[in-house]
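First the structure, in the form of structure tokens, and then the observations on it.
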Amino acid sequence: MDPLFQGTLVNAKRVIYTPSNFARTNLLHLQETGELQALVPHVSSRKDLLSYLFLVVLKGSGSLTYEGVSYDLSAGDCGFVDCRRAYSHQSSKDLWTLKWVHFYGPNMTGIYEKYVERGGRPVFRPDDPGLCVELLDQLYQIADSPDYIRDMHIFEKITSLLAFLMAESWHPEHNTHMGSKRQSIQQVKEYLDEHYKERITLDELAGRFFINKFYLTRIFKEQFGTSVNSYLAQVRVTHAKQLLRFSDMTVEEVGRQCGIDEPAYFARVFKKVEGTAPGEYRRMW
């Protein structure tokens with residue numbers, strides 16, 4: 001731990017954290033978090049660092065360069081980058097104050113790829129930067145505490161931060177035609193939630209909502225993280241599990257109640273989603 005550092009370039013308050021072997025192997029885990037105030041304009045550059053960096057600017061301004069592109073930052077702006085790639089950040093003459101966290105985890109490559117796939121950018125301006133400031137404050141307090149299960153509490157806060165980032169990454173309104181399209185995709189999801197008992201095809205959905213089916217397939221997955229067919233299967237299996245546990249219906253009747261008339265196909269869909277056959281699920285529960 002280095003609680004307070006006073007140097008010629010910055011004043012910083014930070015916690016350098018060493019997670020347990022369990023946390024390093026299984027959890028999203030903290031490497032470093034803190035707050036700094038630049039004393040003079042300067043550049044910090046790194047690459048090949050096994051870490052992900054999130055920062056939020058509290059005061060002043062500067063820039064972040066990532067993958068050869070430079071982005072301006074001012075108070076209220078955030079940055080989120082994969083530090084295995086070359087990056088640098090630089091305070092301007094309007095000396096900045098920022099909070100930051102370095103973290104990593106066994107699934108972070110896939111999580112960051114999903115962030116980018118959804119439209120997440122290295123620099124963005126959230127509607128309420130106070131939310132991420134509060135999370136970083138909580139992370140600092142936990143890391144600097146004697147809490148004997150702090151690795152789990154750190155995991156909880158980093159997960160909350162990533163949920164915040166995923167919500168911020170979806171920005172269809174940047175396309176002038178996307179606002180109504182996004183609403184249409186939400187309506188598709190609500191239609192599946194309500195009409196899962198019926199026979200539903202991708203062509204029928206596209207026609208019902210006046211959306212090109214290839215566009216529907218792509219945007220639905222971007223917004224909800226799964227394909228239309230996979231989401232429909234999840235909804236049906238969720239209702240099937242309720243009926244298997246809390247009704248006397250046969251497995252075949254359960255399948256029909258959930259929109260799948262063919263028993264063998266219902267069994268395949270159920271096992272693909274749940275990992276076990278419907279009859280075995282009923283016996284287990």
Side-chain angles (χ1 to χ4, degrees), residues 1-17 28-105 108 111-112 115-116 120-144 154 157-169 171:
M1 257 187 265
D2 183 10
L4 183 62
F5 172 79
Q6 293 180 322
T8 58
L9 299 180
V10 300
N11 284 341
K13 182 178 70 170
R14 72 181 75 207
V15 173
I16 297 175
Y17 190 78
L28 295 164
H29 53 269
L30 179 66
Q31 296 165 324
E32 177 182 293
T33 187
E35 179 177 332
L36 68 80
Q37 177 187 9
L39 300 178
V40 295
H42 66 282
V43 180
S44 297
S45 301
R46 293 187 178 90
K47 63 178 180 178
D48 300 325
L49 188 63
L50 197 62
S51 180
Y52 288 81
L53 169 66
F54 173 80
L55 62 85
V56 55
V57 181
L58 304 179
K59 299 177 182 178
S61 62
S63 63
L64 173 70
T65 300
Y66 181 64
E67 295 189 307
V69 181
S70 185
Y71 305 87
D72 292 330
L73 297 103
S74 57
D77 288 337
C78 297
F80 183 38
V81 297
D82 178 352
C83 302
R84 295 173 300 181
R85 304 171 186 177
Y87 76 95
S88 65
H89 47 77
Q90 177 176 0
S91 176
S92 70
K93 293 180 180 179
D94 183 16
L95 301 173
W96 65 11
T97 300
L98 57 83
K99 290 182 181 288
W100 83 92
V101 58
H102 276 283
F103 62 95
Y104 195 67
M108 271 308 303
I111 292 171
Y112 194 79
Y115 171 80
V116 173
R121 301 179 299 279
V123 168
F124 64 95
R125 189 176 188 86
D127 292 334
D128 185 2
L131 293 175
C132 51
V133 171
E134 182 179 354
L135 280 171
L136 294 189
D137 285 341
Q138 292 169 351
L139 266 172
Y140 187 96
Q141 292 166 8
I142 294 167
D144 199 33
I154 286 169
K157 296 305 177 184
I158 294 176
T159 300
S160 296
L161 177 62
L162 288 171
F164 167 83
L165 288 166
M166 285 298 184
E168 289 292 331
S169 69
H171 286 293

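Values below: every heavy atom of this structure, side chains too, minus hydrogens, waters and symmetry copies.
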Given Tyr52, which of Arg84, His102, Gln31 fulfils the side-chain hydrogen bond (donor to acceptor under 3.5 Å, both in side chains) condition?
Arg84
For the backbone of Arg121 and the side chain of Tyr115, can you confirm whether one donor and one acceptor N or O come within less than 3.5 Å of each other?
yes
Test log, rule side chain to side chain donor-acceptor pair (under 3.5 Å), inputs Trp100 and Glu32:
CA-CA 8 Å; Trp100 83 92; Glu32 177 182 293; 2.9 Å; yes
Are the side chains of Asp77 and Leu64 in touch, meaning some heavy atoms are under 4.5 Å apart?
no
For the residue pair Phe124 and Phe164, does the interplanar ring angle fall in the parallel (under 30°), tilted (30 to 60°) or perpendicular (over 60°) class?
tilted
If you draw the axis of the six-membered ring of Tyr140, does the NZ or CZ of Lys13 fall within 45° of it and under 6.0 Å from the ring centre?
yes
Value rounded to 0.5 Å, distance of CD in Glu134 from SG in Cys132
10.0 Å
Criterion side-chain contact (heavy atoms from CB on, under 4.5 Å) on Phe54 and Leu136, from CA distance to verdict:
CA-CA 10 Å; Phe54 173 80; Leu136 294 189; 4.1 Å; yes
With distance as the sole test, does Thr97 use its side chain to make a donor-acceptor pair with the main-chain N or O of Gln37 at under 3.5 Å?
no
Treating Ser91 as the side-chain partner and Trp96 as the backbone partner, does any N or O pair qualify as donor plus acceptor under 3.5 Å?
yes
Sub-3.5 Å donor-acceptor pair from the side chain of Tyr112 to the main-chain atoms of Phe80, do we have one?
yes
Could you go through the side-chain contact (heavy atoms from CB on, under 4.5 Å) check for Leu162 and Leu28 one step at a time?
CA-CA 10 Å; Leu162 288 171; Leu28 295 164; 3.6 Å; yes
Derivation of the salt bridge (Lys or Arg N to Asp or Glu O under 4.0 Å) call for Lys99 and Asp137:
CA-CA 9 Å; Lys99 290 182 181 288; Asp137 285 341; 2.9 Å; yes
